[in-house]
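Encoded as structure tokens, the structure appears first; notes follow it.
Lettering of chains follows the sequences in order, A, B, ..., and the numbering in each one begins at 1.
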Amino acid sequence: MFEKDITRTLAKKLGKTYKEVEGFLEQPQDSSFGDISFPCFVVAKEQKRSPSELAAQLKKSIALPKGIENIESSGPYLNFFIDYSSLAETIFQETRRKKSKFGHTNKGKGEVVVIEFSSPNIGKPFGIAHLRSTVIGNSLSNIYASQGYKVERVNYLGDWGTQFGNLMCAFQMWGDEKELKKNSIRHLLSLYIKFHAEAEKDEALKKKGKEWFVRLEGGDKKAKGMWKKFCGLNLKEFKRIYHLLNIKIDHTIGEAFYEPMLKKTIEFYRNKGLLKESDGALILEYPDLPPAIVQKKDGTTIYLTRDLAAAKHRRDIFKFKKMLYVADARQTLHFQQLFKALEIAGFKWARQCEHVPFGVMKFKGEPLATRKGFIFLEDVLLKAVSKVESIIDEKNPSLGHKEEVARQVAFGAVIYWDLNSDRVRDVVFDLDQVLNFEGDTAPYIQYTSARLSSILAKASPPRRVDSFLLNSQEEKKIIGSLAKFESVIWDAKMHNKPHLLTNYLSALAQECNNFYNKHPVLVNEKDLRAARLHLIFAARQVLINGLSLLGIHSPFQM
RNA sequence: GGGCCCGUAGCCUAGUCUGGAUAGGGCGACUGCCUUCUAAGCAGUAGGUCGAGGGUUCAAAUCCCUCCGGGCCCA
């Protein structure tokens with residue numbers, strides 16, 4: 001915010017370009033050193049003098065840039081101190097004016113971003129491992145949308161493939177119509193598990209499963225009917241969970257949708273001379289990547305082929321500026337091959353496609369495979385809700401809207417848990433950790449916002465405010481953090497990393513707790529009270545807006 | 001065999017892209033704090049060879065090289 005003026009002032013003084021100076025500015029970890037600092041080492045070396053001497057001389061000779069109230073030299077550093085009262089005034093005005101839109105911008109106006117996420121295989125129920133792509137994709141979608149981009153949220157369902165053959169085969173042998181009606185998802189899962197267990201011992205069963213899929217591909221009526229039924233049941237279930245979790249999706253498109261386009265797609269690549277026959281299969285060859293199969297020797301296609309068709313189709317209908325694939329890191333090579341194939345086919349927009357990888361979710365060292373143990377997302381959510389309910393009964397039994405608050409807090413905790421570390425890292429599912437509501441968690445942030453709300457329920461900020469009264473360390477820290485909100489959202493967008501936002505919100509919540517534990521808001525001095533009310537109004541708005549970008553609600557009481 | 005990602009206290013984790021002042025948090029442990037805006041909180045104590053070694057630099061958790069450990073992909 002104030003870096004620009006500082007940079008300009010320094011650049012002029014030192015005879016350097018704006019860009020050269022800009023790269024040097026940094027923020028000290030310890031705020032007692034100042035808010036923005038300029039290390040003098042490099043410039044001092046060029047001028048063949050000592051860094052601390054340069055710092056001291058600069059302190060004396062430069063005029064105060066806009067928004068800066070003091071400059072100090074501290075050894076080799078030149079430290080700038082922000083004028084917090086004018087900064088606070090700007091923020092208070094903006095939060096009151098923009099409210100839930102504070103932090104939002106129009107930087108992405110006119111650009112379409114397609115975000116493919118969640119993309120579950122609907123042959124299986126919604127497991128805890130599906131959460132990753134779902135919540136990362138959802139929050140990235142919110143983040144892009146907040147910056148003015150037109151976001152198309154695409155859920156690319158796995159609704160095709162041998163697993164459906166297996167499922168049909170299993171249903172024919174052990175299925176129960178009544179049970180399917182009553183308890184569809186669990187019944188289908190038990191069939192799925194049983195099939196894999198049996199197939200391990202019995203090769204013939206595997207073959208049968210494949211045969212059912214061949215029937216499906218061939219358009220067999222009975223197979224198609226079963227496929228539609230299973231997909232419908234599972235999809236209904238998935239939609240229910242998305243609704244619960246506040247996940248917004250614009251387009252639900254299955255792999256099956258692209259089936260009719262595959263022949264054309266293969267022809268297209270063949271005509272370009274990009275396909276090679278190898279052992280009966282059709283492959284794409286690359287100079288710097290392993291070859292990729294487009295069509296197997298039995299004539300069936302694999303997901304690369306469908307992805308090629310899907311990418312082209314989406315480009316045609318959305319004219320996107322960018323397309324993100326939020327998918328786990330094991331698929332890195334697949335996406336490299338996909339993007340490269342689009343590129344060598346001559347699609348310039350191939351460079352606008354990006355894989356947003358995330359680490360694998362593991363369970364006690366084992367990957368969370370459906371076949372062995374399976375953790376239903378919903379079971380985790382229900383456990384979280386019941387734990388929150390018992391905490392409410394203990395701490396705040398008279399709370400209104402108990403069930404709604406319990407859901408918001410519980411779901412917040414689960415979502416936040418998944419988003420809170422850099423997405424590239426693997427995560428180990430540990431129920432105790434997921435159900436921890438203390439410290440760096442969503443409930444902590446929600447609690448902070450609820451505490452602020454309850455103060456604001458007793459008194460609202462008046463029109464006039466003297467923000468120079470906010471001069472404690474605690475107050476200044478909050479003001480400084482609030483000023484950064486917009487750039488944090490932008491960083492999260494640039495890197496496609498929602499955890500930058502969780503880190504920020506948790507730090508801000510902590511600052512708020514430090515503040516209201518030390519300084520009462522509802523004091524008798526009218527002006528101080530007004531200033532503090534403005535401060536917490538703004539802080540609460542940022543907490544609410546930030547959580548909302550993550551897909552998490554902020555209850556007013558809890 | 002080729003390639004990608006990760007390694008920071010007992011556990012989880014930020015900081016690594018863009019090098020900068022005593023490496024931030026959280027969980028767990030321990031000591032205090034509910035007659036004052038919600039104790040899902042606050043104040044404090046203990047806990048670190050930033051995987052190892054080398055290099056670049058005035059300055060390295062951060063950049064480069066080698067190795068070790070873990071995960072993954074391709075063959």
Side-chain angles (χ1 to χ4, degrees), chain A residues 22-30 32-34 37-42 44-45 50-52 74-77 79 288-293 328-337 355 357-360 362 365-367 387-388 391-392 394-396 398-399 405 409-410 412-413 417 420-428 430 432-459 474 491 494-495 497 499-500 502-504 506-507 509-510 512-523 529 532-533 536 555-558:
Chain A
E22 192 184 30
F24 289 129
L25 290 186
E26 60 190 42
Q27 203 197 344
Q29 303 124 343
D30 187 337
S32 65
F33 283 125
S37 71
F38 175 69
C40 297
F41 305 98
V42 177
K45 200 178 178 188
S50 97
S52 41
S74 160
Y77 292 88
N79 296 326
D288 47 359
L289 287 172
I293 297 180
D328 87 65
R330 288 177 296 198
Q331 298 180 49
T332 302
L333 177 62
H334 167 253
F335 283 111
Q336 283 174 346
Q337 290 172 326
H355 176 208
F358 54 82
V360 183
K362 285 183 266 181
E366 290 271 309
K387 187 174 171 190
V388 173
I391 294 176
I392 292 175
E394 184 197 330
K395 294 180 191 279
N396 197 356
S398 60
L399 179 69
V405 172
V409 173
W417 166 78
N420 192 28
S421 56
D422 193 332
R423 57 172 163 72
V424 300
R425 297 175 71 118
D426 289 349
V427 291
V428 175
D430 174 353
D432 292 335
Q433 233 178 70
V434 180
L435 299 189
N436 172 34
F437 304 148
E438 286 163 23
D440 187 8
T441 64
Y444 174 75
I445 301 169
Q446 291 168 315
Y447 172 75
T448 308
S449 128
R451 292 273 308 255
L452 298 178
S453 291
S454 94
I455 302 173
L456 289 164
K458 293 191 167 79
E474 289 78 17
D491 274 357
M494 288 300 285
H495 299 272
K497 290 187 171 184
H499 84 287
L500 297 175
T502 64
N503 289 171
Y504 167 84
S506 139
Q510 205 166 57
C512 291
N513 275 288
N514 292 339
F515 162 70
Y516 61 58
N517 270 289
K518 203 164 169 185
H519 308 281
V521 174
L522 302 176
V523 289
R529 173 187 169 118
R532 288 186 175 160
L533 282 168
I536 64 168
F556 284 97
Q557 288 181 305
M558 63 187 271

May I ask you to say what [X] touches in the nucleic acid, namely base, sugar-phosphate or nothing, with a heavy-atom cut-off under 4.0 Å?
X: Gln510(A); result: sugar-phosphate
X: Asp422(A); result: sugar-phosphate
X: Ala450(A); result: base
X: Tyr444(A); result: sugar-phosphate
X: Leu522(A); result: base
X: His519(A); result: base
X: Thr448(A); result: nothing
X: His495(A); result: base
X: Asn79(A); result: base
X: Thr441(A); result: nothing
X: Leu500(A); result: sugar-phosphate
X: Pro290(A); result: sugar-phosphate

Paired with [N]: which nucleotide, if any, by Watson-Crick or G-U wobble criteria at under 3.5 Å for both distances?
N: G44(B); answer: C30(B)
N: C63(B); answer: G55(B)
N: U16(B); answer: none
N: U36(B); answer: none

Is the distance from OP1 or OP2 of [N] to the nearest side-chain N or O of [X] less than 4.0 Å?
X: Gln29(A); N: A21(B); answer: yes
X: Arg425(A); N: U13(B); answer: yes
X: Ser454(A); N: U38(B); answer: yes
X: His499(A); N: C12(B); answer: no

Where Val360(A) and Asp426(A) come nearest, the two heavy atoms and their spacing: N-OD1, 2.9 Å
Span that lies between the [atom1] atom of [M] and that of [N], in whole angstrom:
N: U45(B); M: G28(B); atom1: C1'; answer: 15 Å
N: G51(B); M: U16(B); atom1: C1'; answer: 16 Å
N: G20(B); M: C63(B); atom1: P; answer: 11 Å
N: C68(B); M: C58(B); atom1: C1'; answer: 32 Å
N: U22(B); M: C5(B); atom1: P; answer: 32 Å
N: G70(B); M: G26(B); atom1: C1'; answer: 24 Å
N: C67(B); M: G32(B); atom1: C1'; answer: 48 Å
N: U62(B); M: U57(B); atom1: P; answer: 16 Å

From C-beta outward on [X], which listed nucleotide comes closest to its side chain: [options]?
X: Pro39(A); options: C73(B), G20(B), U13(B); value: G20(B)
X: Glu26(A); options: A21(B), G41(B), C6(B); value: A21(B)
X: Lys45(A); options: U57(B), U13(B), A21(B); value: U57(B)
X: Asn517(A); options: U38(B), G41(B), A14(B); value: G41(B)
X: Gln433(A); options: C12(B), C27(B), C58(B); value: C12(B)
X: Ser421(A); options: C73(B), C37(B), U13(B); value: U13(B)
X: Lys362(A); options: C37(B), G71(B), C58(B); value: G71(B)
X: Val424(A); options: G41(B), C73(B), C6(B); value: C6(B)

Would you find more than 12 non-hydrogen atoms of other residues, nucleotides or ligands less than 6.0 Å from Phe556(A) atom CZ? no
Roughly how far apart are Ser449(A) OG and Ile536(A) CD1, rounded to 0.5 Å?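 Ser449(A) OG to Ile536(A) CD1: 11.0 Å, rounded to 0.5 Å.
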Nearest 0.5 Å, what's the CG-CG distance between Asn436(A) and Asp430(A)? 10.0 Å
Determine, answering yes or no, if Phe41(A) is stacked on A59(B) under the 5.5 Å centre rule and the 30° plane rule.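 Given the distance and angle limits, no, they do not stack.
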Between Glu474(A) (side chain) and Tyr516(A) (backbone), is there a donor-acceptor pair under 3.5 Å? no
Quick check against the 3.5 Å criterion: does Asn79(A) have a side-chain atom that pairs as donor or acceptor with the backbone of Phe33(A)? yes
So which one's nearest nucleotide on RNA chain B is more toward 5', Tyr516(A) or Tyr77(A)?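 That would be Tyr77(A).
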Closer to the 5' end of RNA chain B via nearest nucleotide, is it Asn514(A) or Pro520(A)?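 Looking at RNA chain B, the more 5' nearest nucleotide goes with Pro520(A).
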Qualifying residue, where the test is side-chain contact (heavy atoms from CB on, under 4.5 Å) with Pro357(A) and the options are Arg330(A), Gln331(A), Arg423(A): Arg423(A)
Chi-angle category of C34(B) [syn within 90° of 0, anti beyond]: syn
Output, in order, the C-alpha distance, side-chain angles, deciding distance and verdict of side chain to side chain donor-acceptor pair (under 3.5 Å) for Tyr447(A) and Asn513(A). CA-CA 10 Å; Tyr447(A) 172 75; Asn513(A) 275 288; 5.8 Å; no
With distance as the sole criterion, do the side chain of Ser37(A) and the base of A21(B) form a donor-acceptor contact below 3.5 Å? yes
Over how many whole Å does the gap from Met558(A) atom CE to U38(B) atom P extend? 13 Å
Could you give the CG-to-C1' distance, from Asn436(A) to C12(B), as a whole number of Å? 10 Å
